[in-house]
Amino acid sequence: MRFNALEILKQGLTGNKGWSPHWRAPEPKAEYDIVIIGGGGHGLATAFYLAKEHGLTNVAVLEKGYLGGGNVGRNTTIVRANYGLPGNSEFYSHSLKLWEGMEQELNYNAMMSQRGVINLFHSDGQRDAYVRRGNTMATQGDDAQLLLRDEIRDMLPMLDHTNARFPVLGGLYHPRGGTARHDAVAWGYARGADMRGVDLIQNCEVTGIDTDNGRVTGVQTTRGAIRAKKVGIVVAGRSSQVAAMAGLRLPIESHILQAFVTEGLKPCLDHVVTFGMGHFYISQSDKGGLVFGGDLDFYASYAARGNLPMAEHVMEAGMALMPMIGQAKLLRSWGGIMDMTPDGSPIIDKTPIDGLYLDAGWCYGGFKAVPGSGFSFAHLIATDTHHAPAARFRLDRFARGDVIDEEATGSQHNLH
Amino acid sequence: MRITCPLCGSRDRREFYYMGHETYLQRPAAEADASAWDNYLHNRDNPAGTTRDLWQHEAGCGAWLRVTRNTVTHEITEVELVAETKP
């Protein structure tokens, strides 16, 4: 189903009774060329780009729940390309370019809003680090601008600029960063894949991965066995469990990241703002709610809800930065399950099993990577070669010591 | 979440530092091959269910603890002193 202005007018005048579903609900076939496990943002984007870029449409996406019901619907919707290390830098740069063309590519309103991301700094050392990061971003071809104290005061008047411990000295401004409507991204890719002939199969949990002589032959599911020449695992949050079905033990530990939303307020915050010293970041959704979060709960968990210490810490950091939020009532909070890798960077690679591919380990950066991950993973599955911007996201990089440790915190999963 | 330290009793989770899975106790020999070190440092079973991991009572007695708990429910079933259980 497609939208256009005339149809919206017509439906509006006739009670909106004529809309049809956005995608089919096909029965699984006995065999596909490619099976993608996981109908989240990354899996749906992978299926879309397999069809669009490579002409491969004998493809099924298997989702154990409903499309977009996992982490793509449980994040804080931030889009940016402000990474510093080779590997990450070119990948997120590519992903942001895909974001910028996504709504036209999908003919779908993803409410992409390039409102700008501002990373605040509070000391000379932090400023120097952000100058360096900004230069790295500019070298990559992305946009970065150093803002000084007076400019920040004009742009973000609601901050406590004179906090005695962390006075706001300036910020690194990334104008092309921003937010997008997370569910719409999943729906847009789903519709785009479906329109090109991909089967999106919901309520279909994969229970086993079949291999023969070191080569993948298909999957077992709650809706029967499905044969496949190639299988892609794209199930961040449950990667370890699904990979274990094929006998793989991944460099991943699962952790909880909490996020919070307040009641709707009048527009008061025009950008995405990060307060690194307090482990806090915030933006305002188009509905008016302040959306904010902090750091991991720090211990392995699949609970999809956080614990009080981190919730308190986030609130304290928010109050220190932006005392006005104390007036707002908190509407809800939730926790997403993060695939944490030992270097904080993701994995897009082949596995030791022929025909089995892995897209995992997105830590808490998965949302901004949705189009880039789908594009690069589709390239890998279709051509068996690594897409250049994602060529360093290798599964064996830890064994080789070739890590991409953006935060320079070592090999402990929860410290990234 | 509260953890019952065998030496100090039931304490708030904030007093404890989380290290990771008890895999960290199985340190390979210095001359072990690279794959043994890779497994030790990076790869994890990462169970959704019962796990055994290492916590230090950092803001208390300082003891290292081996905690058996459920990663889905956050229920803690056993806390032992690493010093008494390490082979």
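First the proteins, then the strands, lettered A, B, ... as listed; each starts at 1.
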Got a donor-acceptor contact below 3.5 angstrom from the A/N307 side chain to the A/P309 backbone?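 Pair absent, no side-chain N/O of A/N307 close to backbone of A/P309.
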Whether B/T68 side chain and B/T77 backbone form a donor-acceptor pair below 3.5 Å: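 No.
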Counting only non-hydrogen atoms closer than 4.5 Å, does [X] touch chain A with its backbone (N, CA, C, O), its side chain (CB onward), both, or neither?
{"X": "B/W55", "result": "side chain"}
{"X": "B/T73", "result": "backbone"}
{"X": "B/N39", "result": "both"}
{"X": "B/Y17", "result": "side chain"}
{"X": "B/N43", "result": "both"}

[X] versus chain B, heavy atoms under 4.5 Å apart: side chain, backbone, both or neither?
{"X": "A/R400", "result": "neither"}
{"X": "A/D339", "result": "neither"}
{"X": "A/P251", "result": "both"}
{"X": "A/L250", "result": "backbone"}
{"X": "A/E253", "result": "both"}
{"X": "A/A300", "result": "both"}
{"X": "A/H313", "result": "neither"}

Residues A/R397, A/D343: salt bridge by 4.0 Å N-O rule: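 Result for this pair is yes, salt bridge flagged.
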Does the pair A/R238/A/E205 count as a salt bridge with the N-to-O cut at 4.0 Å?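 Salt bridge between A/R238 and A/E205, a charged N being under 4.0 Å from a carboxylate O: no.
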Winner by heavy-atom pair count (cut-off under 4.5 Å) against chain A, out of B/G20, B/G49, B/P47, B/A34: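 Heavy-atom pair counts peak at B/P47.
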Any chance the side chains of A/S301 and B/H74 put a donor and an acceptor closer than 3.5 Å?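 Short answer, yes.
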Would you say the side chains of B/N46 and A/Y302 form a donor-acceptor pair under 3.5 Å?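 Yes, A/Y302 and B/N46 have a side-chain donor paired with an acceptor closer than 3.5 Å.
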Any heavy-atom pair between the side chains of A/W334 and A/F260 that's under 4.5 Å?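 No - every pair of side-chain heavy atoms lies 4.5 Å or more apart.
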Option from B/R2, B/H57, B/Q56 for which side-chain hydrogen bond (donor to acceptor under 3.5 Å, both in side chains) with B/E15 holds: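 When side-chain hydrogen bond (donor to acceptor under 3.5 Å, both in side chains) is applied between B/E15 and each of B/R2, B/H57, B/Q56, only B/H57 qualifies.
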Option from B/R69, B/R44, B/R27, B/R52 for which salt bridge (charged side-chain N to carboxylate O under 4.0 Å, His left out) with B/E22 holds: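 The residue from B/R69, B/R44, B/R27, B/R52 that satisfies salt bridge (charged side-chain N to carboxylate O under 4.0 Å, His left out) with B/E22 turns out to be B/R52.
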